[in-house]
Engineer: 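This is the structure, below, for whatever I ask next.
The model shown is predicted, which means the values in this text are computed figures rather than measured ones.
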Amino acid sequence: MAEELKKVDVVIVGTGWAGGITAAELSKKGYKVVALERGKEQSRNDFIGAKDELKYSIRYDMMQDLSKDTVTARGSMEETAKPVRNNNYARFGNDTGGASVHWNGVSLRWLPYDFEIHSQTVEKYGAKKIPENCTIQDWGITYDELEPYYDKFEKTAGVSGEENPVGPPRSDKYPNPPLKTTPSIELFKKASTNLGYHPYRLPAANMSETYTNPDGETINACMYCAFCEEYGCDFGAKGDPIVTVLETARKTGNFEIRNESTVTEVIHDGTKAIGLKYIDNITGTEYIQPADIVVLAGFVFTNNKLLLKSKIGKPYNPETQEGVIGKNFTGHFSNISTYIGARGFFDNEKWNLSMGTGALGAKVDDFAGDNVDHTDLDFLHGYEIRYYHLGQRPIDNNHVPEGTPAWGKEYKEKNLFYHNRSLIIRAKTAFLPNRYTYLDLDPTYKDEFGDPLIRATVHYEEQDIKRAQHGVETCKEIMTEMGADIIDLVDVPDDVKFDSKFYTNHFLGGAIMGEDPATSAVNNYSQMWDMDNLFVLGGSSFPHNSNHDPTETIGAFAYRASEGMIEYLGGEGGLLVEAKQTSKA
């Protein structure tokens, strides 16, 4: 029988950006906060001397152990889902700070169109423009309402950047200037400009200069060592929860992280959350941590699994389209690799590609969101074109043109010749929700504690394929203008199907945000409609996936949710937003 502990004000699942921001904001106000972290404790000191590509990029030492808990996946309701056991396809975060510790640092705001996607699409193109199975919906909040929280996140994380010429309005400039530029970045920008596009430097939570954030946390200037993605930063030069919000929370004396604590259930009485049940991974002892506010701030699969297992909210049914938990699961489109785009090989150009950092690069947003008129296009939303100068590590840097033998003399010669002569530009696309892409509990497979795994069913609609193909063609156009002698495309066939082996980090949805409890799980403060002291943070609340990375939007909503929690605790409770009836229940 589980041991019940002393009640606290707030208990949180996870210590990534969403959980860390909540912990910092609530503990600064004097509330007692406990965060339950499935993984081990880690700090900057653990990353010293850890630039080991085999350990972290090949063996994925910082990722979740998929032999204990994972997700099953399938490409249609007719298929039997299979467990994902390779971290190459499921780079789920683990340990203190979560995936936010080994992220690249790409920090992008979503567009005003994203938050009002249904109403703006109907207003501009008519309802018939929305495909039959497409389940886009407005979020119940506007960009202008969210903008102050974007600004707050950027200042906490110390984002380095410059104005996006086709981006949304800002109340302030970035807290740091953009990172250094390189000849290959300038080549991409020049080619894009020649074609009439509007390139700009990629906003980065990698520091262009030493920076102290509004909470007093100092983040060091980046050394361009090339070990960002899949690595923790030993120099403390990447805006992550360890060097920012978690440190801020600890200094208050009101915050505790319990590592090696796997949450298995939300305890509730049907109307209120009472606390979280969790297992100490070391001793196997089961505990219940009661709290006035319960916060699910895990990754999308964790949050949905807990809601479904705890029987909170009505599970989504793709046949009837009733229910909300598991609905509108999305992710960036992937085909035969995480990214699609064009790789160029140059016979007479050579660059120093060894140094770099996680978000060093430039991008083009002319096709992002609704920046381009979609009247004559056969898809909604869009894509961005991005060139990274990440820094090429020795094991992964062995690209040769298509048709080259996979071994032997010719392979060796071309591998050496093109070592610093190949560049790739990528199209990162939106993925709009459809009725047949959703999450539920797997009927067969279970985790180490005997609970069902979460099951992802992913169905690509025609517009997803058309959007991706359009992006690849634009990549080819820019790479041609850059002067590549050989261009290989990571292309998208007309009949491409989702393959459970091919995953991205940016899966979203399942506990989505909206104005109507009949079609959404949470309101725009990330507060559950069904249980007003339960808040569900992170990408699981996103009703669709934009072409932009989600981290900054996750951070912005975490700040807004924290503000709502403080209001809730200081008042008489209740819903922070009045529900609207926008559809039939």
Engineer: Do you see a donor-acceptor pair shorter than 3.5 Å between the side chains of His399 and Ser422?
Structural biologist: no
Engineer: How are the rings of Phe431 and Tyr460 set to each other: parallel, tilted or perpendicular (split at 30° and 60°)?
Structural biologist: perpendicular
Engineer: Just by distance, no angles: are the side chains of Asn176 and Ser208 close enough, under 3.5 Å, to form a donor-acceptor pair?
Structural biologist: no
Engineer: Ignoring hydrogens and geometry beyond distance, is a side-chain donor-acceptor pair present between Thr142 and Asp144 at under 3.5 Å?
Structural biologist: no
Engineer: Listing request: all ring-ring contact (aromatic ring centres under 6.0 Å, His included) pairs with a residue in residues 362-386, at least two apart in sequence or in separate chains.
Structural biologist: Tyr113-His381, Tyr197-Phe367, Phe367-Tyr383, Phe367-His470, His374-Phe379, Phe379-His470, His381-His544, Tyr383-His470
Engineer: May I ask you to decide whether Arg109 forms a salt bridge with Glu154, counting only side-chain N to carboxylate O separations under 4.0 Å?
Structural biologist: yes
Engineer: Could you note down all residue pairs passing salt bridge (charged side-chain N to carboxylate O under 4.0 Å, His left out) where residues 171-184 supplies at least one of them, sequence neighbours left out?
Structural biologist: Lys155-Asp172
Engineer: Listed by chain and number, what are the ring-ring contact (aromatic ring centres under 6.0 Å, His included) partners of Phe115, not counting sequence neighbours?
Structural biologist: Trp139
Engineer: Tell me whether Lys129 at atom NZ has more than 12 heavy atoms from other residues, nucleotides or ligands lying less than 6.0 Å away.
Structural biologist: yes
Engineer: In terms of side-chain heavy atoms, does His198 have a donor or acceptor partner in Asp366 at a distance below 3.5 Å?
Structural biologist: yes
Engineer: Can you list the residues that meet the side-chain hydrogen bond (donor to acceptor under 3.5 Å, both in side chains) rule with Thr210, with sequence neighbours excluded?
Structural biologist: none
Engineer: Run the side-chain donor-acceptor check on residues 478-485: report pairs under 3.5 Å with partners two or more places apart or on a different chain.
Structural biologist:
{"unit_1": "Thr480", "atom_1": "OG1", "unit_2": "Lys476", "atom_2": "O", "d": "2.8"}
{"unit_1": "Glu481", "atom_1": "OE2", "unit_2": "Asn194", "atom_2": "ND2", "d": "3.3"}
{"unit_1": "Asp485", "atom_1": "OD2", "unit_2": "Asp347", "atom_2": "N", "d": "2.7"}

Engineer: Please collect all salt bridge (charged side-chain N to carboxylate O under 4.0 Å, His left out) contacts where either partner lies in residues 375-393, sequence neighbours excluded, each pair once.
Structural biologist: Glu230-Arg393, Lys363-Glu384, Glu384-Arg386, Arg386-Asp549
Engineer: Consider only side-chain N and O atoms of Asp494 and Gln469, and report whether a donor and an acceptor are under 3.5 Å apart.
Structural biologist: yes
